[in-house]
Amino acid sequence: MKYLFEIHCHTSESSGCASETAEATVKAYSEKGYAGVVITDHLGIGSKKDDWAEHCRRQQAGYRNAKAVAEKYGMTVLYGAEITVRPFGGNDFLCLGLEPEWWTEHPELEDMSLYDVLKTVREAGAFISHAHPFREANYIKSIVLVPRLIDGVELNANRTDFENERAAEYAAAYEKPLTAGSDNHTAHRQKRIFGMDFYECPKTEKELAELLFAGKYDIKTE
Ligand SMILES: [Zn+2]
Ligand SMILES: [Zn+2]
């Protein structure tokens, strides 16, 4: 038996670009037979818009709401963060394996370069997958590749075949494993779903990172 997980999704409580709530997201995946979801709302670093603790509290709100209904839907809910570090807006990295409290306790990230943020997050035990590395959009000024600072490369259900093919080539060239996720911002209205089929059910963020580092999963791309 395997355990299907969504490891890249957003909630309207925490991501301005998402249109559905945490509960709708958990419900949508339970109806698809998933074992769990990792809520990976956007976490901007380096913008210093507000107090870091408050910044983190808002970013974690969707996760906390999802966690509160996990039992109701028979789902495992874990925390993750999709970070973007100024000035590299739109270059997103999925950080998996750290508890929300870790982020709140590290306000110094705000003053770090992308290099130092990724290094610090990794040293703390996270598995970092570069989300949609070849995404092209008018707000993304350049494609930023940092192969020595990541653990995996994402195939993303919301991106084009062209962008995902380039991601697969990038992963192969640097011998990085692929991860798969939907980047779901719309719960049940998400059309294409990519998932992670884990050999064991991760029950904590730490277990999630262990399974990722051990490669104990298959990717599911429709
Ligand atoms: Zn978004
Ligand atoms: Zn995303």
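As the structure lists them, so they are numbered: ligands from 1, and atoms in each ligand from 1. Predicted, not measured: the structure shown is a model, and the values here were computed from it.
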- Message: According to side chain to side chain contact (heavy atoms under 4.5 Å, CB included), who are the partners of Ser12, at least two apart in sequence or on a separate chain?
- Response: Thr21
- Query: Does any pair with a residue in residues 12-34 pass ring pair (Phe, Tyr, Trp, His ring centres under 6.0 Å), and if so which ones, sequence neighbours excluded?
  - Reply: Tyr29-Tyr34
- His8 near the Zn ion (ligand 2) via N/O/S, less than 2.8 Å: yes
- Message: Just to verify, what does Lys176 make a salt bridge (Lys or Arg N to Asp or Glu O under 4.0 Å) with, not counting sequence neighbours?
- Response: none
- Item | the Zn ion (ligand 1): protein N, O or S atoms that are less than 2.8 Å away, sorted by chain | Cys17 SG, His42 NE2, His185 NE2
- Task: Please assess His132 against His130 for the test ring pair (Phe, Tyr, Trp, His ring centres under 6.0 Å), listing each intermediate value before the final yes or no.
- Result: CA-CA 6 Å; His132 43 67; His130 193 161; 7.7 Å; no
- Taking all non-hydrogen atoms of both residues into account, name the closest pair between Gly89 and Thr84 and its distance. CA-OG1, 3.7 Å
- Minimum side-chain heavy-atom gap Leu212-Asp151 below 4.5 Å: no
